[in-house]
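This report concerns only the one structure given below.
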Amino acid sequence: MELRSSGLWLLFLCALGCVTAEEDKKVISTIGSTAELSCIYTPEKKFILNKLRVFWQIADGSKPCSVVHTFNSGHENQSEQCADFRNRTRLFQDKLENGIFSLLLLNVSLRDEHTYRCIVQKKDVVFRVIHNADVALKVAANNSLPVLSGPIRIHPNIGEEVTLSCNYSQGYPKPNIYWINRTDNSSLHPSSLKIIQDNDGTYSVFSTLKIEANSDIKIGCIIENELLQQNLTILYSENVTNSNSTRSNLLDLNEPGAQAGGVLAIAIVLAGLAVLTCWLWKRKFRHRRSYADVQQNEDGAQQNSK
Ligand SMILES: *[C@@H]1O[C@H](CO)[C@@H](O)[C@H](O)[C@H]1NC(C)=O
Ligand SMILES: *[C@@H]1O[C@H](CO)[C@@H](O)[C@H](O)[C@H]1NC(C)=O
Ligand SMILES: *[C@@H]1O[C@H](CO)[C@@H](O)[C@H](O)[C@H]1NC(C)=O
Ligand SMILES: *[C@@H]1O[C@H](CO)[C@@H](O)[C@H](O)[C@H]1NC(C)=O
Ligand SMILES: *[C@@H]1O[C@H](CO)[C@@H](O)[C@H](O)[C@H]1NC(C)=O
Ligand SMILES: *[C@@H]1O[C@H](CO)[C@@H](O)[C@H](O)[C@H]1NC(C)=O
Ligand SMILES: *[C@@H]1O[C@H](CO)[C@@H](O)[C@H](O)[C@H]1NC(C)=O
Ligand SMILES: *[C@@H]1O[C@H](CO)[C@@H](O)[C@H](O)[C@H]1NC(C)=O
Ligand SMILES: *[C@@H]1O[C@H](CO)[C@@H](O)[C@H](O)[C@H]1NC(C)=O
Ligand SMILES: *[C@@H]1O[C@H](CO)[C@@H](O)[C@H](O)[C@H]1NC(C)=O
């Protein structure tokens with residue numbers, strides 16, 4: 001009984017050890033940033049650089065080219081470096097003699113997601129491997145914020161159905177999306193959800209939520225990046241109104257009220273024009289009539305003179 005439990009205890013410790021070892025070898029970096037791939041071997045006394053070789057390469061063999069960075073006998077030699085890594089790798093030159101062989105990888109992109117191996121050789125008589133280490137680079141993308149929109153500047157009426165949309169772009173790895181009611185923090189089911197992978201490997205999210213406006217609306221859209229353990233939250237809040245008249249008080253250029261105002265203004269102008277036309281026409285008619293009178297008179301005169 002005691003043996004068994006101590007055996008379990010050992011197993012438990014081992015499991016813990018394995019997990020920490022795994023975590024030590026994983027580096028998470030966001031797109032565009034600089035990743036530090038760690039490789040440290042503390043020497044008894046300082047290394048002599050021209051008796052040292054440091055090779056950084058891709059360990060998972062998924063690419064035809066695997067040379068990432070080479071330091072050979074006191075010099076960097078990048079003649080065989082893969083084109084992908086050109087100008088993007090640095091060693092800590094002044095720390096090499098102290099056994100810090102870590103590599104800086106600049107401007108990380110999704111294509112850099114590999115397991116990297118560091119191999120260190122030291123020359124006594126011949127070069128011998130004294131240390132090697134693997135580091136898995138995980139790349140995450142979180143360059144954008146979610147965009148949440150709903151009815152613009154119109155307070156919905158009580159009972160009215162309201163549609164909100166939440167979009168997010170260029171996330172990596174595949175994000176999770178949650179809609180929550182921020183009044184009580186309960187979760188809500190999306191009415192539609194589409195997650196698509198773009199050509200660059202990143203993911204875009206399009207989601208909508210339909211709710212009935214029974215009370216003031218306070219809704220959150222959460223985009224979760226599990227790799228970064230990060231939640232991006234965006235809120236939407238809008239007050240409902242239970243009177244239809246308040247809506248027309250909100251005179252704004254983009255709102256129906258303003259449009260009604262515009263129609264009224266045009267109607268007034270048209271009415272004015274009509275009155276003016278009428279008046280002009282009347283004036284002309286009166287002219288004509290007086291002209292006709294004169295003519296008649298003239299005719300009469302002619303008749304008289306005849
Ligand atoms: C770099 O390494 C290549 C072979 O890997 C070798 O031909 C070349 O001479 C080296 N260049 C220098 C400057 O050491
Ligand atoms: C690397 O940098 C050098 C000088 O800084 C530049 O001449 C060269 O074009 C760059 N190569 C690449 C592939 O960016
Ligand atoms: C970073 O890499 C991307 C391609 O992965 C490139 O378009 C961009 O110009 C690079 N930025 C810098 C500062 O080198
Ligand atoms: C992306 O993640 C990094 C690291 O966790 C963080 O510093 C940065 O603010 C995040 N970017 C956005 C837009 O949230
Ligand atoms: C989300 O994307 C859809 C489809 O492209 C679009 O109709 C909608 O206006 C977008 N919503 C936001 C808040 O950008
Ligand atoms: C949000 O929670 C409040 C309080 O529980 C509730 O009155 C309201 O109807 C909820 N809103 C939605 C859209 O579910
Ligand atoms: C809902 O969650 C937010 C953030 O997690 C917190 O600040 C707020 O107090 C919570 N509200 C309720 C009613 O639980
Ligand atoms: C993000 O929010 C969701 C939903 O509220 C929650 O389940 C998850 O644990 C949160 N993740 C982090 C990293 O805070
Ligand atoms: C909703 O009403 C509250 C007070 O009644 C006010 O503080 C808040 O700004 C209003 N929100 C919106 C979006 O109009
Ligand atoms: C608001 O007006 C609509 C019709 O335009 C009507 O159906 C609704 O009952 C009205 N709501 C209130 C609260 O008066």
Side-chain angles (χ1 to χ4, degrees), residues 23 26 28 30 48-58 64-83 85-87 89 91 93 96 117 119-121 123 126-127 129 138 140-154 156 161-200 202-211 217-238 254:
E23 277 175 356
K26 194 162 89 179
I28 297 165
T30 53
I48 298 158
L49 293 189
N50 57 20
K51 291 186 172 178
L52 196 69
R53 282 176 178 165
V54 181
F55 300 103
W56 272 100
Q57 42 191 243
I58 293 171
C65 181
S66 67
V67 178
V68 178
H69 195 103
T70 306
F71 177 88
N72 190 348
S73 312
H75 303 284
E76 318 253 356
N77 184 341
Q78 308 298 22
S79 66
E80 308 212 329
Q81 185 186 44
C82 311
F85 297 109
R86 193 79 75 214
N87 285 355
T89 55
L91 292 173
Q93 293 289 346
L96 288 174
R117 180 166 297 156
I119 300 167
V120 182
Q121 297 181 337
K123 189 178 186 181
V126 291
F127 277 103
V129 174
K138 297 285 171 202
N142 69 339
N143 290 330
S144 75
L145 293 171
V147 181
L148 176 55
S149 79
I152 300 160
R153 279 175 292 151
I154 297 174
E161 188 181 69
V162 169
T163 302
L164 306 181
S165 80
C166 180
N167 294 351
Y168 179 66
S169 62
Q170 297 199 296
Y172 191 87
K174 196 173 181 172
N176 297 324
I177 177 168
Y178 306 96
W179 285 95
I180 56 161
N181 182 349
R182 276 297 283 264
T183 309
D184 58 5
N185 282 345
S186 61
S187 66
L188 301 165
H189 283 290
S191 310
S192 76
L193 172 60
K194 199 168 68 183
I195 301 181
I196 58 169
Q197 189 164 25
D198 296 320
N199 290 334
D200 63 0
T202 61
Y203 291 89
S204 293
V205 178
F206 304 90
S207 186
T208 60
L209 176 76
K210 279 192 171 68
I211 53 167
I217 303 170
K218 229 177 176 181
I219 300 289
C221 172
I222 302 176
I223 301 288
E224 181 183 35
N225 187 315
E226 278 183 294
L227 185 58
L228 292 173
Q229 283 292 294
Q230 193 176 70
N231 268 352
L232 298 173
T233 306
I234 182 147
L235 292 177
Y236 177 88
S237 57
E238 186 57 271
N254 289 324

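All values below were derived from every heavy atom in this structure, side-chain atoms included, with hydrogens, water molecules and symmetry-related copies excluded. One-based numbering, in listed order, for ligands and for the atoms of each. All of these numbers come straight from a predicted model, not from anything done at the bench.
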Under 4.0 Å from ligand 1, counting heavy atoms only: the protein residues, by chain and number: N77, S79, E80
Y168 versus G171, closest heavy-atom pair with distance: CE2-CA, 3.8 Å
Full working for side chain to side chain donor-acceptor pair (under 3.5 Å) between T208 and S192: CA-CA 5 Å; T208 60; S192 76; 2.6 Å; yes
Side chains of C221 and I177 in contact at under 4.5 Å (non-hydrogen atoms): yes
Proximity to ligand 5 by part of V147, non-hydrogen separation under 4.0 Å: both
Element-labelled atoms of ligand 5 that are located less than 4.0 Å from some non-hydrogen atom of S149: 13 (C)
Sub-3.5 Å N/O-N/O distance, N231 and ligand 8: yes
Where I180 and L188 come nearest, the two heavy atoms and their spacing: C-CD1, 3.9 Å
Euclidean distance, L193 CG relative to W179 CH2, rounded to 0.5 Å: 10.0 Å
Nearest atoms (heavy-atom pairs only) where S66 meets C82: N-SG, 3.5 Å
Q230 N/O under 3.5 Å from ligand 8 N/O: no
Atoms of ligand 5 close to S165 [distance to a heavy atom under 4.0 angstrom, numbered from 1]: 11 (N), 12 (C), 13 (C)
Shortest non-hydrogen contact between C166 and P146, atoms and distance: SG-CB, 4.1 Å
Partner of W56 under side chain to side chain contact (heavy atoms under 4.5 Å, CB included), chosen from V67, T70, L91: L91
